[in-house]
Amino acid sequence: DSAFGGVTFGGPHTLSMRSFDSMDVIFTGAHTFTGTPTLDMAQATGGGNQTGFFTFNGEIAGSGFRVSSSGNVNDTTSVLQIGGGEATPNSYSGKVTVLQGSNTEDLRVELNKAAGVTAITGDLQMEGGAVQLQRANQIADISNVVINRGLLNFNSQSETIASVTMFGGALTTNPTTGTPTANSITITGDVEVTALDDAVGAIATGFTVGNNSTVTIGGQLRIGSYGRVHLSEGATAGVLNINGGLQMTGALLSQSNGAG
């Protein structure tokens with residue numbers, strides 16, 4: 001494994017990070033991004049667990065950024081950790097975009113600041129890969145999430161965001177089997193689900209309220225022709241509260257046994 005100090009971008013450049021034999025890299029310090037740079041990762045085949053972790057520990061200031069994974073070997077995983085459990089929030093201004101790369105299903109971004117410390121300060125746009133919360137309340141309350149492709153996994157963690165727009169991809173709050181840790185997701189504005197795909201994570205249920213999850217939508221839930229919203233099954237099934245009304249156009253809202 002390797003350790004380095006803070007990272008500074010002077011413009012819209014690309015930092016190419018490559019891992020072999022499951023080697024991990026951590027950057028610790030103050031990070032300054034300018035001009036929306038790209039963090040590009042790849043994990044090549046080799047020994048170990050076939051997964052390479054690239055961790056940015058410390059404050060990220062300046063501009064938003066992009067995340068990609070080019071040239072990685074299929075069925076090996078590149079993981080960007082935004083945070084290493086520290087209590088220092090990010091302060092950058094702008095959007096984070098997770099791009100569709102080669103073998104996009106093998107790209108993962110983990111939000112891993114201390115609970116309640118902001119990792120994503122602005123909007124989040126997903127064009128591929130997976131974004132997974134490791135601790136609660138990693139995304140700013142004002143953040144709007146757009147999913148065109150990929151998976152947003154709240155992973156049993158509680159969170160508050162402003163809105164969700166799904167033109168594809170998938171969103172899940174918790175597993176749909178077993179009894180996971182209870183969590184609460186609050187979306188203060190609207191949720192629009194117009195399509196889904198199962199390219200990442202084999203989740204074909206679109207916007208999924210998993211077991212032991214409570215999702216509260218402050219605005220309107222709009223489900224388009226190819227959209228799908230699913231409340232999971234089981235004794236600890238999901239709960240969906242909609243405060244601003246429901247609009248459906250040739251869509252599917254499915255409720256399994258026990259869901260509410």
Side-chain angles (χ1 to χ4, degrees), residues 1-9 12-29 31 33 36-58 60 63-86 90 92 94-113 119-120 123-135 138-139 145-155 157 168-172 197-203:
D1 296 350
S2 298
F4 301 93
V7 175
T8 297
F9 286 93
H13 307 303
T14 297
L15 175 62
S16 294
M17 300 174 286
R18 298 294 182 263
S19 176
F20 300 91
D21 294 328
S22 304
M23 181 183 72
D24 299 333
V25 179
I26 184 168
F27 302 92
T28 301
H31 313 293
F33 293 177
T36 315
T38 298
L39 305 177
D40 182 70
M41 306 176 295
Q43 162 66 15
T45 187
N49 59 12
Q50 304 289 312
T51 302
F53 286 83
F54 305 88
T55 301
F56 280 74
N57 188 322
I60 299 176
S63 72
F65 54 96
R66 301 182 181 93
V67 183
S68 65
S69 181
S70 64
N72 65 314
V73 176
N74 193 29
D75 296 327
T76 66
T77 304
S78 300
V79 181
L80 173 68
Q81 285 193 327
I82 302 178
E86 76 278 13
N90 290 335
Y92 70 84
K95 179 170 65 177
V96 169
T97 303
V98 182
L99 300 172
Q100 178 180 343
S102 60
N103 302 309
T104 188
E105 71 277 6
D106 297 324
L107 166 62
R108 186 167 81 241
V109 178
E110 294 183 349
L111 307 182
N112 193 37
K113 297 277 191 179
I120 300 294
D123 292 347
L124 173 65
Q125 180 171 326
M126 297 189 61
E127 303 292 341
V131 174
Q132 177 173 298
L133 275 71
Q134 298 297 98
R135 305 166 195 260
Q138 297 288 299
I139 305 174
V145 175
V146 175
I147 306 174
N148 292 313
R149 191 174 187 225
L151 168 66
L152 175 58
N153 183 2
F154 287 100
N155 189 36
Q157 306 297 327
L171 178 152
T172 185
D197 68 59
D198 59 355
V200 175
I203 293 177

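Just the heavy atoms: all of them, side chains too, but no hydrogens, waters or symmetry mates, feed the values below.
Checking side-chain atoms of Thr36 against main-chain N and O of Phe65 turns up no donor-acceptor pair under 3.5 Å. No donor-acceptor distance shorter than 3.5 angstrom exists from the side chain of His13 to the backbone of Pro37, with no hydrogens or angles considered.
Taking 4.5 Å as the limit, every side-chain heavy atom of Ser63 sits out of range of all side-chain heavy atoms of Pro12. Contact check for Thr28 versus Phe56: no side-chain heavy atoms found under the 4.5 Å cut-off. Using a 4.5 Å heavy-atom threshold, the side chains of Phe33 and Ile60 count as touching. Between Val25 and Thr55 the shortest side-chain heavy-atom distance does not fall below 4.5 Å.
Note on ring orientation: taking the six-membered ring where Trp is involved, the planes of Phe27 and Phe4 are parallel (angle under 30°, cut-offs 30° and 60°).
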* To do: Tell me, with the steps shown, if Leu107 and Val67 meet side chain to side chain contact (heavy atoms under 4.5 Å, CB included).
  => CA-CA 9 Å; Leu107 166 62; Val67 183; 4.2 Å; yes

* To do: Determine, step by step, whether Phe54 and Asp24 satisfy the side chain to side chain contact (heavy atoms under 4.5 Å, CB included) criterion, reporting the C-alpha distance in whole Å, the side-chain angles of both residues, the deciding distance to 0.1 Å, and the verdict.
  => CA-CA 6 Å; Phe54 305 88; Asp24 299 333; over 6 Å; no

* Please test Glu110 against Val79 for side chain to side chain contact (heavy atoms under 4.5 Å, CB included), starting from the C-alpha separation and ending with a verdict. => CA-CA 7 Å; Glu110 294 183 349; Val79 181; 3.7 Å; yes

* To do: Would you check, one step at a time, whether the test side chain to side chain contact (heavy atoms under 4.5 Å, CB included) holds for Leu80 with Val98?
  => CA-CA 11 Å; Leu80 173 68; Val98 182; over 6 Å; no

* Go through Asn153 and Thr172 one step at a time and tell me if the side-chain hydrogen bond (donor to acceptor under 3.5 Å, both in side chains) criterion holds. => CA-CA 5 Å; Asn153 183 2; Thr172 185; 5.1 Å; no

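Atom CD in Gln132 sits 10.0 Å away from atom CG in Asn112 (nearest 0.5 Å). Taking CZ of Arg149 as the reference point, atom CE of Met126 lies at 10.5 Å (rounded to 0.5 Å). The CD atom of Gln138 sits 11.0 Å away from the CG atom of Asn155 when rounded to the nearest 0.5 Å. To the nearest 0.5 Å, the span separating CG on Leu111 from CG on Leu124 amounts to 7.5 Å. Taking CG from Leu39 and OG from Ser16, the interatomic distance works out to 10.0 Å, rounded to the nearest 0.5 Å. Ser78 OG to Asp40 CG: the interatomic distance, rounded to the nearest 0.5 Å, is 8.5 Å.
Here Asp123 pairs with nothing under the salt bridge (charged side-chain N to carboxylate O under 4.0 Å, His left out) rule; sequence neighbours left out.
Taking both residues in full, the closest heavy atoms of Thr97 and Glu127 are given as CG2-CG, 4.2 Å, listed atom of the first, atom of the second, then distance. Of all the heavy atoms in Ala119 and Lys113, the pair that sits closest is CB-CG, 3.8 Å. Smallest separation of non-hydrogen atoms from Ser68 and Thr38: OG-CG2, 3.5 Å.
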